[in-house]
Student: 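Let me give you the structure first, and then I'll get to my questions.
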Number of protein chains: 2
Amino acid sequence: MKVTAEEIIQEMVKQGMRITDQRKTLAGLFAEEGSALTPKAVYEYMGRLYPGLSFDTVYRNLRLMHEMGVLEQFVLEDGIKFRVSCGENHHHHHIICMNCDKTYSVTYCPMDAVSGLPEGFQVVKHKFEIYGLCEDCAARRDTPS
Amino acid sequence: MKVTAEEIIQEMVKQGMRITDQRKTLAGLFAEEGSALTPKAVYEYMGRLYPGLSFDTVYRNLRLMHEMGVLEQFVLEDGIKFRVSCGENHHHHHIICMNCDKTYSVTYCPMDAVSGLPEGFQVVKHKFEIYGLCEDCAARRDTPS
DNA sequence: GTATATGCAAAATCTTTGCACCGCC
DNA sequence: GGCGGTGCAAAGATTTTGCATATAC
């Protein structure tokens, strides 16, 4: 079920990207990480491993990986976040923890049940996201240290 | 059904905002406008009427009006957009034209039908938006000039 | 009259671009 | 060896902040 770093890299190779150390590390990071990450968080993580790393390289790689469909992008009120594209090949939506940005999948798609679209409206895409607190974060919030 | 400029202003007064000429104009603009507007678009519109208008005033007013619930904010891939809050007092979602940003309402709420949330997950809010082309924009795209 | 709103300027973010050098294939 | 990737610097774009002046109440 889980996407591995190798699968991410294979996909990048298939699309003609060169595999640098940095990109291997990025693949590994996103393969392990269950949460959606901001470019800044990725930069900070990578910066620890690659002294002298520049912001623009991180941005470029995130953008490229998104364009190649390896990463998914979430546009949230507190900024843009990335996570690995779900390997699941059926259509699905996401549940996102507002505290730790962990994400889960929902199989249910509301489009099947929608009626009453405006006359002549051509649907191109849709967004359905559920926000809240995951079990861990909810517990932590109920019992503050 | 449609929210009027007066209603917007009354709400702002109720919340303790002073009603300046600019804010009257903003209320009028959003009352008339069926589309979601970027801060930049609002600035350009207002700038024509108020020479010497500054960007920060527009931002401040948009933010204030959003905080007061007079405006709704959409976080889209191509930027933040605002439109007047729907007067409808029942829960609903939006259909948005990707070309002209016109918006419509959908009454259907997918949360009623969702099952299989992760164990212990506390839902706080959700987003359900349908994107596509409205009848006019779809027609224009099919028959380019 | 007083508190709030505005305009101006500047700063803080976030993101992109151009270019020379380096490294994957 | 050649093309694509990276680092550096700089520019853009967007949004925020501080303060003096103007204005609604």
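Order of the sequence lines sets the chain letters (A, B, ...), proteins ahead of strands, with each chain counted from 1. When reading the values below, keep in mind they use all heavy atoms of this one structure, side chains included, and skip hydrogens, waters and symmetry mates.
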Student: I need the CG-C1' distance between Leu49(B) and dT6(C), as an integer number of Å.
Tutor: 16 Å
Student: Would you say the side-chain atoms of Tyr45(A) pair up with the backbone N or O of Leu29(A), donor to acceptor, closer than 3.5 Å?
Tutor: no
Student: Look at the side chain of Tyr104(A) and the backbone N and O of Phe121(B), then say whether any donor-acceptor pair between them is shorter than 3.5 Å.
Tutor: no
Student: Can you name the nearest heavy-atom pair linking Ala31(A) to Val3(A), along with the distance?
Tutor: CB-O, 3.7 Å
Student: Atom CG of Leu64(A) to atom C1' of dT15(C): distance rounded to whole Å?
Tutor: 14 Å
Student: Establish, with yes or no, whether the OP1 or OP2 oxygen of dG7(D) is under 4.0 angstrom from a side-chain nitrogen or oxygen of Thr57(A).
Tutor: yes
Student: Provide the closest heavy-atom pair for Glu72(B) versus Val84(B) in the form atom of the first, atom of the second, distance.
Tutor: OE1-O, 3.8 Å
Student: Using a 3.5 Å distance criterion without hydrogens, assess whether the side chain of Gln122(B) forms a donor-acceptor pair with backbone atoms of Ala138(A).
Tutor: no
Student: Can you tell me the distance, in whole Å, between the CE atom of Met46(A) and the P atom of dT6(D)?
Tutor: 8 Å
Student: Can you tell me the distance, in whole Å, between the CD atom of Glu77(B) and the C1' atom of dT15(C)?
Tutor: 16 Å
Student: Does dT16(D) have OP1 or OP2 under 4.0 Å away from a side-chain N or O of Tyr59(B)?
Tutor: no
Student: Return the NE2 to OH distance between His94(B) and Tyr131(B), rounded to the nearest 0.5 Å.
Tutor: 11.0 Å
Student: So what is the end-to-end bend of the helix from dG1(C)-dC25(D) to dC25(C)-dG1(D), with 5 pairs used at each end and the value given to 10 degrees?
Tutor: 40°
Student: Heavy atoms only, 4.0 Å cut-off, all strands: where does Thr20(B) land among base, sugar-phosphate and nothing?
Tutor: sugar-phosphate
Student: Would you name the heavy atoms of Tyr43(A) and Phe55(A) that are closest together and state the gap between them?
Tutor: CD2-CE1, 2.8 Å
Student: Tell me the closest heavy-atom pair linking Met65(B) and Met17(B), and the distance in Å.
Tutor: CG-CE, 4.5 Å
Student: Would you say Gln22(B) places a side-chain N or O within less than 4.0 Å of OP1 or OP2 belonging to dG7(C)?
Tutor: yes
Student: Any carboxylate oxygen within less than 4.0 angstrom of a Lys/Arg side-chain nitrogen, looking at Lys81(B) and Glu129(B)?
Tutor: no
Student: Quiz question: going by heavy-atom distance under 3.5 Å, is there a donor-acceptor pair between the base of dA3(C) and the side chain of Arg18(B)?
Tutor: yes
Student: Write down the distance between CD (Glu44(A)) and C1' (dC14(C)), rounded to a whole number of angstrom.
Tutor: 13 Å
Student: Closest-nucleotide mapping onto DNA chain D: is Lys40(B) or Ile19(B) further toward the 5' terminus? I mean the 5' end.
Tutor: Lys40(B)
Student: What protein N or O atoms touch nucleotides 8-12 of chain C N or O atoms at under 3.5 angstrom, if any, and at what distances?
Tutor:
residue : atom : partner  : partner atom : Å
dC8(C)  : OP2  : Gly52(B) : O            : 2.9
dC8(C)  : N4   : Asp56(B) : OD1          : 3.3
dC8(C)  : N4   : Asp56(B) : OD2          : 2.6

Student: Lys24(A) NZ to dC24(C) P: how many Å, rounded?
Tutor: 8 Å
Student: In whole angstroms, how far is the P atom of dA5(C) from the CG atom of Leu62(B)?
Tutor: 14 Å
Student: Rounding to a whole Å, what distance do you find between Phe82(A):CZ and dC14(C):P?
Tutor: 14 Å
